[in-house]
Participant: 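My questions all concern the structure below.
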There are 4 protein chains.
Amino acid sequence: MRADAVRTRKALVAAAAEVFARSGADATVAEIAARAGIGKGTVFRHFPTKDDLLAAIVGDAVDELVAKAEHLVGHEDALREFMQLTAALLAGNRVLFDALDRVGADHRPQVRAQVDRLAAVAERVVAPARDAGVIRADVRGLDVVQLTCGAHHAAAPLAAVEPDVGQRYVDFVFAGLRAS
Amino acid sequence: MRADAVRTRKALVAAAAEVFARSGADATVAEIAARAGIGKGTVFRHFPTKDDLLAAIVGDAVDELVAKAEHLVGHEDALREFMQLTAALLAGNRVLFDALDRVGADHRPQVRAQVDRLAAVAERVVAPARDAGVIRADVRGLDVVQLTCGAHHAAAPLAAVEPDVGQRYVDFVFAGLRAS
Amino acid sequence: MRADAVRTRKALVAAAAEVFARSGADATVAEIAARAGIGKGTVFRHFPTKDDLLAAIVGDAVDELVAKAEHLVGHEDALREFMQLTAALLAGNRVLFDALDRVGADHRPQVRAQVDRLAAVAERVVAPARDAGVIRADVRGLDVVQLTCGAHHAAAPLAAVEPDVGQRYVDFVFAGLRAS
Amino acid sequence: MRADAVRTRKALVAAAAEVFARSGADATVAEIAARAGIGKGTVFRHFPTKDDLLAAIVGDAVDELVAKAEHLVGHEDALREFMQLTAALLAGNRVLFDALDRVGADHRPQVRAQVDRLAAVAERVVAPARDAGVIRADVRGLDVVQLTCGAHHAAAPLAAVEPDVGQRYVDFVFAGLRAS
DNA sequence: GATGAATGAGTATTCATTCAT
DNA sequence: GATGAATGAATACTCATTCAT
């Protein structure tokens, strides 16, 4: 790719990540283009449809989360760390939240695929703890992802007045997963 | 208010409750008016804006939940029952879910007020258990409402393939609230 | 229908007929609305889609043509008169021309139906002459419609410099249909 | 012009001829460039605008038709052969059809000039027959071109279900030109 | 000389709200 | 008092053309 195209694409992806993170999947292409300082047409040159751009941004976020999660596999306390890591990313990225939020409801196959990737790595994190009997036997990776997302969802509106509510809620949910 | 106006209003509220419950806050005024068998203009005569109508419907749903919750106060296992009751209502009423779901993000003060009422009764439910040391000391009524909503949120997309996922997730969260 | 709606609809249909006649099926809804002195939204209140409006306008033109053609059935020289009548209407109505022009290519079922109606009445006009051996045996109603449309098509670009070219071309084609 | 530029231009013209023939004047510059294996910018280096390219391709097609028509001049049955030849070329070349089809409506002077060349050779074909009294006295070369194009236009939408409709319609028109 | 990256005007449709009937 | 007719802002995507690389 040419140097100028690389620059433009970087600016576009950064702008899209920021705008999507702030406004969610409903952000308009016009706003993203303006934020990136490029024309609307240029957005479509790099990503044929808005959904492709969305999937790329969500994919980047999932990539980051998956990469970090890989390092947790096998760790003591890996599950709690994974949940807190996930919640932290969700807190800074509304579109990732939107994506996880709509598993099954969302008909965009590319976004759906990202959620599956995340559920897969979550399963690798949760499996050892489950096999060891530390957490309940019926907890799958997808459950962890969904519940962490739910905890974030519950915490988000309160974060302005209680900064650590996200961590607190994740702790509640984590505690609830442990074998009794 | 004249008797016919009362009848019209009743039909409108019933139609709005049904349509909002099914389609969520995005339901159109036109659909509600058609369902009520009245004109769109009449909707706006009774409620100045769509948000006012929305708040009234959410208020009714919250009234119902609050009334049921009142009866639970003092019961053994009141908290679990409250959470399951709330989750069940959320599952059957998309607009209630939407409303609770968007606390904070939603700038509609009237909707916000309903959540506060719900948090208040939840606090009355949770206080005895907390004082008795059965659940964690830092759990307030609002936390219970938010987390129950989060559990439902997490479960909703999976409900189609796993019907009892809602109950399972509420159980997880409930377990997480207990004092360790 | 209310009196004001009737007025608006009339203005809309008149404007659409004029604009479609001048600019063909590619005319924009915005132009039609402006011409009618109404808002774009009002167009869609009366006709759910642009194609519905288009079909209505084409339908009106076909209605007119069909009604006039009915009177010709059985007349001496009915076929020639039908062809000249059709050509005259086409000359004043670009969208009717567009509609006939795209039989088979046009995927709009409502427009297609109008062409079928026209072919049907043309068949009633042509059948007696064909049965009487005055015109060739392989000439169907649809052929007459298509060929008249073709004659107009051929004539249209020259009409500015040779006003009666349309009639002349229709005469050529009519002569070509006669049994040799 | 350098040798490589000549090669590029040849590839471009060949690609444009093919794509325009298949897709008509609405074909995109991008598709033509891709087909030619060159960049879009290069297209505009050789032809300042898309219309210039279009005119060149139409000009080539007209050249071909004119050359073939030259050989018909003086032949017995030259007019019928010219009309069938023209119709056959139109059937296989959508852009030629588009160009002839829009004479007058089309404001592109370069395209218009090609039609004039075609009308001129048609006149040379038709003049002997007209002077001999075989065809009507008021038939000029331009009429033949226009009517043949109209016949093809009339036939085109039906060609899918009746393959030889084009020939049939041309025969009708040819018959119509004969002196009665 | 060649490339292809960037541009941005143009368009059908929805829906909360207002106001003439 | 009730109606529903009218409004118009808001949004994704295409493609001929220009110009930096």
Side-chain angles (χ1 to χ4, degrees), chain A residues 1-9 11-12 26-33 36-53, chain B residues 1-2 4-5 8 12 26-34 37-54, chain C residues 1-9 11-12 26-33 36-53, chain D residues 1-2 4-5 8 12 26-34 37-54:
Chain A
M1 207 181 328
R2 256 165 49 177
D4 54 351
V6 171
R7 265 199 311 278
T8 301
R9 191 188 182 95
L12 167 56
D26 289 339
T28 69
V29 171
E31 186 185 356
I32 292 170
I38 64 179
K40 271 181 303 184
T42 310
V43 175
F44 291 97
R45 149 164 283 276
H46 287 271
F47 298 91
T49 71
K50 180 186 171 182
D51 280 351
D52 290 322
L53 174 58
Chain B
M1 202 183 328
R2 276 171 25 179
D4 58 346
T8 299
L12 167 55
D26 288 339
T28 70
V29 172
E31 187 185 356
I32 292 169
I38 63 178
K40 272 183 299 184
T42 310
V43 174
F44 288 93
R45 168 166 299 277
H46 288 273
F47 298 91
T49 72
K50 180 186 173 183
D51 279 351
D52 290 319
L53 174 57
L54 195 62
Chain C
M1 207 182 329
R2 256 166 49 178
D4 55 351
V6 171
R7 266 199 310 277
T8 302
R9 191 189 182 94
L12 167 56
D26 288 340
T28 69
V29 172
E31 186 185 358
I32 292 169
I38 62 179
K40 271 181 302 184
T42 309
V43 175
F44 290 96
R45 150 164 282 276
H46 288 272
F47 298 91
T49 71
K50 179 186 171 181
D51 279 351
D52 290 321
L53 174 57
Chain D
M1 203 180 331
R2 279 171 22 180
D4 56 350
T8 299
L12 166 56
D26 288 339
T28 68
V29 173
E31 187 185 356
I32 292 168
I38 63 179
K40 272 182 299 184
T42 310
V43 175
F44 289 93
R45 168 167 299 278
H46 288 274
F47 299 90
T49 71
K50 181 185 171 182
D51 279 350
D52 290 319
L53 174 57
L54 195 62

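Quantities reported herein were computed from a predicted structural model and do not represent experimental measurements. Proteins come first, then strands; the chains are lettered A, B, ... in the order of their sequence lines, and each starts at number 1.
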Participant: What is the distance from CZ of A:F47 to C1' of E:dA5, rounded to the nearest Å?
Facilitator: 14 Å

Participant: Any base atoms under 4.0 Å from B:T28, or only sugar-phosphate, or nothing? Heavy atoms, all strands.
Facilitator: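 Sugar-phosphate only.
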
Participant: Is the shortest side-chain N/O distance from D:H46 to OP1 or OP2 of E:dG1 below 4.0 Å?
Facilitator: no

Participant: From CZ of C:R7 over to C1' of F:dG4, roughly how many Å is that when rounded to an integer?
Facilitator: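 The distance from CZ of C:R7 to C1' of F:dG4 comes to 15 Å, rounded to the nearest Å.
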
Participant: If a stem is a run of at least 3 consecutive Watson-Crick or G-U pairs, both distances under 3.5 Å, which stems include DNA chain F?
Facilitator: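 Only these stems qualify: E:2-21 with F:2-21.
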
Participant: Could you check B:V43 against C:D4 and say which one's nearest nucleotide on DNA chain F is further toward the 5' end?
Facilitator: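 It is B:V43, whose closest nucleotide lies nearer the 5' terminus.
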
Participant: Using 0.5 Å steps for rounding, measure from the CZ atom of B:R45 to the CG atom of B:L12.
Facilitator: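 Here the interatomic distance stands at 12.5 Å.
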
Participant: Could you go through residues 1-8 of chain C and list every donor-acceptor pair under 3.5 Å that involves a side-chain atom there, pairing it with any protein atom two or more places apart or in another chain?
Facilitator:
residue : atom : partner : partner atom : Å
C:R2    : NE   : C:D4    : OD1          : 3.3
C:R2    : NH2  : C:D4    : OD2          : 2.9
C:T8    : OG1  : C:D4    : O            : 2.9

Participant: Identify the residue among C:D52, C:T42, C:V29 that makes a side-chain contact (heavy atoms from CB on, under 4.5 Å) with C:F47.
Facilitator: C:D52

Participant: Grab the CZ-P distance between C:R2 and F:dT3 for me, whole Å please.
Facilitator: 12 Å

Participant: Regarding A:R9, tell me which of base, sugar-phosphate or nothing describes its non-hydrogen contacts under 4.0 Å with the strands shown.
Facilitator: nothing

Participant: Ignoring hydrogens and angles, are the base of E:dT7 and the side chain of A:R45 linked by a donor-acceptor pair under 3.5 Å?
Facilitator: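 Per atom types, no contact qualifies.
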
Participant: Quick check for you: among F:dT14, E:dA12, E:dA5, whose closest atom lies nearest to any side-chain atom of A:F44?
Facilitator: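 So the side chain of A:F44 is nearest to F:dT14.
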
Participant: Whole Å only: how far is the CG atom of C:D51 from the P atom of E:dT11?
Facilitator: 16 Å

Participant: From C-beta outward on D:K40, which listed nucleotide comes closest to its side chain: E:dA5, F:dT14, E:dT17?
Facilitator: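 The listed nucleotide nearest to D:K40's side chain is E:dA5.
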
Participant: Given E:dA5, F:dA2, F:dA16, which nucleotide is nearest the side-chain atoms of B:T8?
Facilitator: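 Out of E:dA5, F:dA2, F:dA16, the nucleotide with an atom closest to B:T8's side chain is F:dA2.
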
Participant: Ignoring hydrogens, what is the shortest heavy-atom contact between C:A11 and C:A36? Give both atom names and the distance.
Facilitator: O-CB, 3.7 Å

Participant: Whole angstroms only, please: what is the NZ-C1' distance between A:K50 and F:dT11?
Facilitator: 8 Å

Participant: Quickly work out the D:I32 CD1 to E:dG4 P distance and round it to whole Å.
Facilitator: 16 Å

Participant: What is the separation between atom CG on D:L53 and atom P on F:dT17, rounded to the nearest whole Å?
Facilitator: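 The answer, rounded to whole Å, is 11 Å.
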
Participant: For B:T42 and for C:I38, find the nucleotide of DNA chain F with the closest heavy atom, then tell me which residue's nucleotide is more 5'.
Facilitator: B:T42

Participant: Of B:G41 and C:T49, whose closest DNA chain E nucleotide lies nearer the 5' terminus?
Facilitator: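 Its nearest nucleotide being more 5', the pick is C:T49.
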
Participant: Taking D:A27's backbone N and O only, do any of them form a donor-acceptor pair with D:K50's side chain (distance below 3.5 Å, no angle check)?
Facilitator: yes

